[in-house]
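Here the structure comes first, spelled out in structure tokens, and everything after it is commentary.
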Amino acid sequence: MESLQEQYDEAMLEFSQGGYDGAIAKLRSVLSVEPQHFEAQLALGMAYYRKGEYATAITEGVKAQRLRPHDQLGDRNLSLFVMKAGDKATAEHHGLQARISSWRKDPGASAGNTTADPELQMAKPKLEPVKLPGKFPEMPWKKKPAAH
């Protein structure tokens with residue numbers, strides 16, 4: 001039997017290839033086992049959005065937002081779904097919530113690093129230690145001129 005992560009990965013592969021119906025079925029299967037799976041819930045809303053089923057996308061987006069109330073991506077997706085459904089005022093509200101959520105991030109985190117998982121961080125070159133000279137060289141331009 002496949003692990004839950006493998007099922008989710010297969011759903012996302014199908015989603016990326018435009019197989020939204022298959023992705024929806026697989027995401028629902030993941031959510032039946034783990035109803036708190038935020039990423040699956042978020043992707044489910046987006047799959048319905050891509051199919052043009054905006055009312056269902058909004059319903060699934062609200063479920064994702066309930067799982068993580070201040071998540072920037074959840075608010076952004078919900079704003080997109082509501083805008084396509086024609087409710088500009090509510091879309092602007094969720095867009096603002098997404099902006100506010102982005103401000104809540106750790107100020108020390110870099111813009112490209114959205115995760116705390118060290119395995120997923122950008123590779124950084126190892127810095128070579130710098131050896132300082134024991135004595136600095138003579139600097140003739142700093143010598144004071146002789147008094148006459």
Side-chain angles (χ1 to χ4, degrees), residues 1-137 139 141-142:
M1 179 159 178
E2 293 178 311
S3 73
L4 200 60
Q5 183 62 46
E6 289 171 334
Q7 290 176 21
Y8 172 75
D9 291 344
E10 283 184 22
M12 295 312 296
L13 176 63
E14 196 151 345
F15 178 93
S16 70
Q17 295 172 341
Y20 303 122
D21 290 325
I24 288 169
K26 289 175 182 169
L27 290 167
R28 286 206 178 278
S29 174
V30 169
L31 289 166
S32 71
V33 175
E34 188 180 330
Q36 302 297 310
H37 196 294
F38 175 73
E39 288 80 11
Q41 188 64 58
L42 198 65
L44 184 60
M46 186 55 76
Y48 279 112
Y49 169 79
R50 293 279 174 91
K51 285 184 64 176
E53 297 180 23
Y54 304 127
T56 308
I58 292 168
T59 300
E60 299 303 332
V62 168
K63 290 178 186 176
Q65 189 181 40
R66 286 184 184 142
L67 292 175
R68 287 194 193 159
H70 299 294
D71 186 80
Q72 180 183 8
L73 189 55
D75 282 319
R76 185 192 63 97
N77 282 2
L78 200 49
S79 174
L80 180 67
F81 303 161
V82 173
M83 180 61 90
K84 278 293 193 178
D87 187 352
K88 184 177 178 183
T90 304
E92 287 176 348
H93 166 76
H94 288 295
L96 177 61
Q97 293 304 311
R99 175 67 63 117
I100 291 169
S101 295
S102 74
W103 297 337
R104 287 188 177 117
K105 285 185 180 175
D106 178 15
S110 66
N113 183 18
T114 58
T115 180
D117 188 350
E119 291 183 21
L120 299 177
Q121 290 183 355
M122 296 276 296
K124 297 177 185 165
K126 295 197 181 231
L127 298 176
E128 297 289 327
V130 177
K131 183 178 179 183
L132 296 174
K135 181 180 175 190
F136 286 99
M139 294 180 268
W141 61 89
K142 286 195 168 189

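The structure displayed is predicted, hence computed values, not measured ones. In this chain, numbering begins with 1 at the start of the sequence shown. Reckoned from all heavy atoms, side chains included, excluding hydrogens, waters and symmetry mates.
Remark: Y48 engages R28 in a side chain to side chain donor-acceptor pair (under 3.5 Å) (not counting sequence neighbours). The ring pair (Phe, Tyr, Trp, His ring centres under 6.0 Å) search around F38 returns none, not counting sequence neighbours. For Y8, the ring pair (Phe, Tyr, Trp, His ring centres under 6.0 Å) partners two or more places apart in sequence, or in a different chain, are H37.
Note on R76 versus D71: no salt bridge recorded, every NZ/NE/NH1/NH2 to OD/OE distance being 4.0 Å or above.
Side chain of Q41 to main chain of E60: a donor-acceptor pair is present (N/O by atom type, distance under 3.5 Å, no hydrogens or angles). Judged purely by atom type and a 3.5 angstrom limit, E10 has no side-chain atom pairing as donor or acceptor with the backbone of Q7.
The minimum heavy-atom distance linking G61 with F81 is given by the pair CA-CE1, 4.2 Å. Across all non-hydrogen atoms, the minimal contact from I24 to A47 is CG1-CB, 3.6 Å. The heavy-atom pair separating L78 from I58 by the smallest distance is CD1-O, 3.7 Å. In terms of heavy atoms, A57 sits closest to G45 at CB-O, 3.4 Å.
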Does the side-chain contact (heavy atoms from CB on, under 4.5 Å) test come out yes or no for K26 and F15, once each step is laid out?
CA-CA 10 Å; K26 289 175 182 169; F15 178 93; over 6 Å; no

Take D21 and K51 through the side-chain contact (heavy atoms from CB on, under 4.5 Å) test and state the conclusion after the steps.
CA-CA 8 Å; D21 290 325; K51 285 184 64 176; 2.4 Å; yes

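Expressed to the nearest 0.5 Å, how far CD of E39 lies from CG of L27 amounts to 11.0 Å.
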